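Following: one structure in structure tokens, then a few remarks.
First the proteins, then the strands, lettered A, B, ... as listed; each starts at 1. It should be emphasised that the depicted structure is a prediction, and the values quoted were computed from it without experimental measurement.
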Protein chains: 2
Amino acid sequence: MLDDAVDLFLAEGYASTSLDLVAQRSSASKRTVYAYFTDKAGLFTAAVERLHDRIAETAEQSAPLLELCTSLVETLHSDEAVALHRIVVGESTRFPELARSFYVAGPARSTQLLLAALRAAGSGPDAPGASDAERLYALLLGEPHRRRLLGLAPAPTPEDSARHAAETLRALGHLPAD
Amino acid sequence: MLDDAVDLFLAEGYASTSLDLVAQRSSASKRTVYAYFTDKAGLFTAAVERLHDRIAETAEQSAPLLELCTSLVETLHSDEAVALHRIVVGESTRFPELARSFYVAGPARSTQLLLAALRAAGSGPDAPGASDAERLYALLLGEPHRRRLLGLAPAPTPEDSARHAAETLRALGHLPAD
DNA sequence: CACTAATGGTACTTGCTCGTATCATTAACG
DNA sequence: CGTTAATGATACGAGCAAGTACCATTAGTG
């Protein structure tokens, strides 16, 4: 049921998603929706957090630097992840707590993993710091991700993602073979 | 009147902004609103584009590389620019044409200016290309800008912006003094 | 001054959606 | 089998907002 709800929220936006439609789509009844989640807001945050958990999980399954970067690029540029990012940004004014938990469990956590991988790889700057990891993360998304957010580009192929990850690491001096 | 409209749209979002309130705030009448712009959608796009023009204009007043970067950072991290970015992203599904024009007149245009400034400076890679300029732009926004989009950080001070611009140029090898 | 065009004010219609209440049905369980 | 808890279906009330219609007022023009 959360999955059906999230599909609608991602497609239609928060305001334009009616709970009648959610109930119908999920073959449940409004009564049940309100029993599980008290509010429309409650359903929204639960659905968004559930999806985010799933995405974050699949994005972080790799440990070595290049593989981790490729996985992040590929996962975060997917239709689902982009739509999630879009709606969290768009509703951040109305749901500041959701925005915060999104950032902590998303970009902030990924940045920490990147920092660990950078230190384990040890081929870039002598002592990579938090700002190095943040720059890396920002570039792994970069302008292609902004174009995705704005609906201006299709999802990259796995090859695109791998190439983008490698080029990004090279540009920041974390990979040899300039 | 567009200015009052944009204030409300940025603060409340598209769906939650009522035209009654816009009319009242701008000391106009709904009749006049519908006379100038046919739709709520028409008012929205007109207001957004007007604000974007103003922001883009002030962001691009500098030519030398470091000054241009500092100006971009400072302008694009302002409350107004961030709120604009947020709503264009959030409504990009409903207003794809607006999203496209935003990208062309915003990030795409800024990237072109950055490329020209990079070539004029000539202190970085031998022949800077479009991807170098895109990386630079992406990093000038970077994670601080994402935190701004999500409402997690206040606007940077001018000193913050100058420092961030310099550090970014250094990280990409466009400035000496590593 | 008279006339016209545009605008402010406001009431109204229509449609939609949140949240609640009611009733019937199903399924679990002793 | 019978009782109870949960759920599906549906209808309802209240509120809100887009877009329209009507009247009064202002301002510009000959």
Side-chain angles (χ1 to χ4, degrees), chain A residues 1-52 83-84 86-99 101-102, chain B residues 1-52 83-84 86-99 101-102:
Chain A
M1 159 161 140
L2 281 176
D3 294 334
D4 296 291
V6 100
D7 285 347
L8 288 172
F9 278 130
L10 293 188
E12 303 289 332
Y14 176 74
S16 303
T17 298
S18 83
L19 290 195
D20 291 284
L21 192 56
V22 171
Q24 178 188 337
R25 183 73 65 90
S26 65
S27 301
S29 143
K30 274 175 75 173
R31 180 188 174 110
T32 315
V33 177
Y34 280 92
Y36 279 71
F37 319 93
T38 54
D39 251 345
K40 184 181 185 178
L43 174 65
F44 178 66
T45 59
V48 163
E49 281 172 351
R50 175 186 166 89
L51 174 61
H52 193 215
L84 175 68
R86 188 182 296 144
I87 202 170
V88 173
V89 165
E91 301 295 334
S92 63
T93 304
R94 220 179 309 269
F95 297 92
E97 204 42 58
L98 183 66
S101 71
F102 171 86
Chain B
M1 160 160 141
L2 282 177
D3 294 334
D4 296 290
V6 100
D7 286 347
L8 288 172
F9 279 130
L10 293 188
E12 304 290 332
Y14 176 74
S16 303
T17 298
S18 81
L19 289 195
D20 290 284
L21 193 56
V22 170
Q24 178 186 340
R25 184 72 67 89
S26 66
S27 302
S29 144
K30 274 173 76 174
R31 183 193 171 106
T32 316
V33 177
Y34 281 92
Y36 279 70
F37 319 93
T38 52
D39 250 346
K40 184 180 186 180
L43 174 64
F44 178 67
T45 59
V48 163
E49 279 172 353
R50 177 186 165 90
L51 174 61
H52 193 216
L84 175 69
R86 188 182 297 143
I87 203 170
V88 173
V89 166
E91 301 295 336
S92 63
T93 304
R94 220 177 308 269
F95 297 92
E97 203 40 58
L98 184 66
S101 72
F102 172 85

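- If you check distances only, the side chain of B:T32 never reaches the base of C:dG8 with a donor-acceptor pair under 3.5 Å.
- Remark: P of D:dT7 and CZ of A:R31 are 9 Å apart, rounded to the nearest angstrom.
- Side-chain N/O atoms of A:Y36 include none lying less than 4.0 angstrom from OP1 or OP2 on D:dA6.
- Two residues, A:A35 and A:D20, neighbour DNA chain D, and the one matched to the more 5' nucleotide by heavy-atom proximity is A:A35.
- A donor and an acceptor atom sit less than 3.5 Å apart, one in the side chain of B:K30 and one in the base of D:dG19.
- The distance from atom CZ of A:F9 to atom P of C:dT17 is 13 Å, rounded to the nearest whole Å.
- When heavy atoms are screened at a 4.0 angstrom cut-off, A:T17 is found touching the sugar-phosphate backbone but no base atom.
- The CD atom of B:Q24 sits 9 Å away from the P atom of C:dG9 (whole-angstrom rounding).
- Taking atom CG of A:L21 as the reference point, atom C1' of D:dA9 lies 16 Å away to the nearest angstrom.
- Considering A:I87, A:L2, A:L10 as possible partners of A:L51, the one that fulfils the side chain to side chain contact (heavy atoms under 4.5 Å, CB included) test is A:L10.
- For A:Y34 and D:dA6, the OH to C1' distance is 19 Å, given to the nearest whole Å.
- Here D:dT10 presents its P atom at 17 Å from CG of A:L19, a figure rounded to the nearest Å.
- Between B:L43 atom CG and D:dA18 atom C1' the separation is 13 Å, expressed in whole Å.
- Electrostatic pairing of B:R50 and B:D3 counts as a salt bridge here, judged by a charged N lying under 4.0 Å from a carboxylate O.
- Judged by distance alone with a 3.5 Å cut-off, no donor-acceptor contact links the side chain of A:K40 to the base of C:dG19.
- Between the side chain of A:K30 and the backbone N or O of A:V22 there is no donor-acceptor pair closer than 3.5 Å.
- For B:R94 and D:dA18, the CZ to P distance is 13 Å, given to the nearest whole Å.
- Ring-centre distance between B:F44 and B:F37: not below the 6.0 Å cut-off.
- With rounding to the nearest 0.5 angstrom, the OG1 atom of A:T17 is 9.5 Å from the CZ atom of A:R25.
- In this structure, A:A23 reaches neither bases nor backbone, as no heavy-atom distance under 4.0 Å exists between it and the strands shown.
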